[in-house]
Amino acid sequence: MQRWESFTVNGSRVGGLWRQYADMTLTTRIAFPLEGEAEAYRAESVVRFQDDGESWQHYTFRQEPGTVEASSVRTEDGLGEDTLPSYGEYLLLMDVIGSGAASEQYWRIQDSDPSAEPSLAEVRAAGIENVELPDGPQDCRRYDILESGARVGSHWATAAGLVRSDWNGPVSFYQSKEAVLEGLDPMISEFLISGF
């Protein structure tokens with residue numbers, strides 16, 4: 001499963017987000033320009049899940065600029081099965097959307113610092129809202145990501161699946177690979193395709 005999303009800031013399409021879930025491994029890449037910087041923000045997360053799907057095994061994370069690198073092996077680092085790196089919560093969100101559950105709680109790990117104390121987090125279904133999509137407005141169900149009681153992101157889904165996400169400002173929309181990459185800075189599109 002591959003998924004492409006356009007990444008917009010203040011209504012302008014500036015970057016992209018790519019995900020792939022294969023062989024129990026979720027890989028995510030996100031890239032967009034930084035205002036006043038020659039270098040773009042680029043982040044790549046790789047989360048390997050257990051074969052039974054009950055929890056994750058290990059993950060790696062890298063972010064530029066700043067040369068941020070982190071990794072964790074869940075059992076070696078004493079983290080419970082109910083923890084989840086934040087980039088891995090996409091699969092939990094998909095489970096909540098697919099099952100129709102009202103909510104699902106977990107302990108959220110900050111990808112850049114797995115040694116920090118995990119925060120109690122929740123994926124929570126909310127009401128139906130009419131939201132603007134690239135093809136026009138549509139009624140969607142909203143799902144909020146709450147961390148320590150505060151909303152840190154929201155997602156909207158139709159019967160066909162996830163169509164829009166709000167990352168506390170920047171917004172991403174599900175689109176084709178061609179639509180996402182069209183007109184992007186080559187540094188950004190090359191990273192989305194190939195990673196670090």
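Computed over heavy atoms, backbone and side chain alike; hydrogens, waters and symmetry mates excluded.
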Just checking, any donor-acceptor pair under 3.5 angstrom between side chains of S12 and N10? no
Pair R42 + E44: basic N to acidic O under 4.0 Å: no
Heavy atoms only: give me the nearest L79-P118 pair and the separation to one decimal. CD2-CG, 4.2 Å
P85 versus W56: any side-chain heavy-atom pair under 4.5 Å? yes
State yes or no: do W18 and M1 share one hydrophobic cluster built from I, L, V, M, F, W and Y residues joined by side-chain heavy-atom distances below 4.5 Å, directly or via other members? no
A43 to Y87 - nearest heavy-atom pair and separation: CB-OH, 3.7 Å
Quick check for you: to the nearest 0.5 Å, what is the distance between S172 atom OG and D166 atom CG? 8.5 Å
Note: D77 and S71 closest approach over all heavy atoms is OD2-O, 4.4 Å
Please check if I193 and F32 belong to a single hydrophobic cluster, counting links between Ile, Leu, Val, Met, Phe, Trp and Tyr side chain heavy atoms closer than 4.5 Å. no
Note, H155 side chain near I145 side chain (heavy atom, < 4.5 Å): yes
Could you name each residue pair satisfying ring pair (Phe, Tyr, Trp, His ring centres under 6.0 Å) that touches residues 175-196, not counting sequence neighbours? F191-F196
Donor-acceptor contacts, no H, no angles, side chain residues 88-100, under 3.5 Å, sequence neighbours left out:
from	atom 1	to	atom 2	distance (Å)
E89	OE1	Y106	OH	2.6
E89	OE1	R108	NE	2.9
E89	OE2	R108	NH2	3.0
S99	OG	D95	O	2.9
S99	OG	V96	O	3.4
S99	OG	A101	N	3.1

Report, as yes or no, whether the 6.0 Å neighbourhood of atom CG on D23 holds more than 12 heavy atoms from other residues, nucleotides or ligands. no
Can you check whether H58 reaches E76 side chain to side chain, under 4.5 Å on heavy atoms? no
Would you mind listing the cluster partners of V171? Hydrophobic ones only (ILVMFWY), side-chain contacts under 4.5 Å, chaining allowed. V131, L133, W156, V163, F173
Do L120 and W107 have side chains that approach each other closer than 4.5 Å (heavy atoms only, starting at C-beta)? yes
Please tell me whether Q57 and Q50 have a donor and an acceptor in their side chains that are separated by less than 3.5 angstrom. no
If only atom types and distance count, is the side chain of T158 paired as donor or acceptor with the main-chain N or O of A160 below 3.5 Å? yes
To the nearest 0.5 Å, what is the distance between CG (D139) and CZ (R141)? 11.0 Å
Is the count of non-hydrogen atoms from other residues, nucleotides or ligands lying under 6.0 Å from Y174 atom OH greater than 12? no
Count I, L, V, M, F, W, Y as connected when their side-chain heavy atoms are under 4.5 Å apart, and connections chain through other members. Are Y143 and L162 then in the same cluster? yes
What pairs of residues pass the side chain to side chain donor-acceptor pair (under 3.5 Å) test when at least one of them lies in residues 116-125, not counting sequence neighbours? S103-E122, S119-E147, E122-R124
Can you give the donor-acceptor pairs under 3.5 Å from side chains of residues 175-186 to other protein atoms, not counting sequence neighbours?
from	atom 1	to	atom 2	distance (Å)
Q175	OE1	S6	OG	2.3
S176	OG	A179	N	3.1
D185	OD1	M187	N	2.7

Side-chain contact, heavy-atom cut-off 4.5 Å: T28 with I30? no
Close side-chain approach of I109 and F61, heavy atoms under 4.5 Å: no
How many angstroms lie between CZ in R62 and CG in D111, if you round to the nearest 0.5 Å? 15.5 Å
If we only count heavy atoms from C-beta on, is the V46 to R48 side-chain gap below 4.5 Å? no
Rounded distance (nearest 0.5 Å) linking atom OH of Y41 with atom CD of E64: 10.5 Å
Can you check whether E132's main-chain N or O pairs, donor with acceptor, with R164's side chain at less than 3.5 Å? yes
Test Q20 against R29 for side-chain contact (heavy atoms from CB on, under 4.5 Å), laying out the working first. CA-CA 9 Å; Q20 176 175 275; R29 297 184 194 125; over 6 Å; no
Taking a hydrophobic cluster as the set of Ile, Leu, Val, Met, Phe, Trp and Tyr residues connected by side-chain heavy atoms closer than 4.5 Å, whether directly or through intermediates, do L192 and V47 fall within one such cluster? no
Checking side-chain contact (heavy atoms from CB on, under 4.5 Å) for the pair L34/E39: CA distance, chi angles, key distance, verdict? CA-CA 7 Å; L34 291 168; E39 194 172 359; 5.8 Å; no
Which atom of A40 lies closest to which atom of P65, heavy atoms considered: O-CD, 3.7 Å
Over 12 non-hydrogen atoms of neighbours within 6.0 angstrom of CD in E35: no
Got Y59 and L26 here, is their nearest side-chain heavy-atom distance under 4.5 Å? no
Inter-residue atom distance D82.CG - S55.OG, 0.5 Å rounding: 7.5 Å
All ring pair (Phe, Tyr, Trp, His ring centres under 6.0 Å) counterparts of F49, not counting sequence neighbours: none
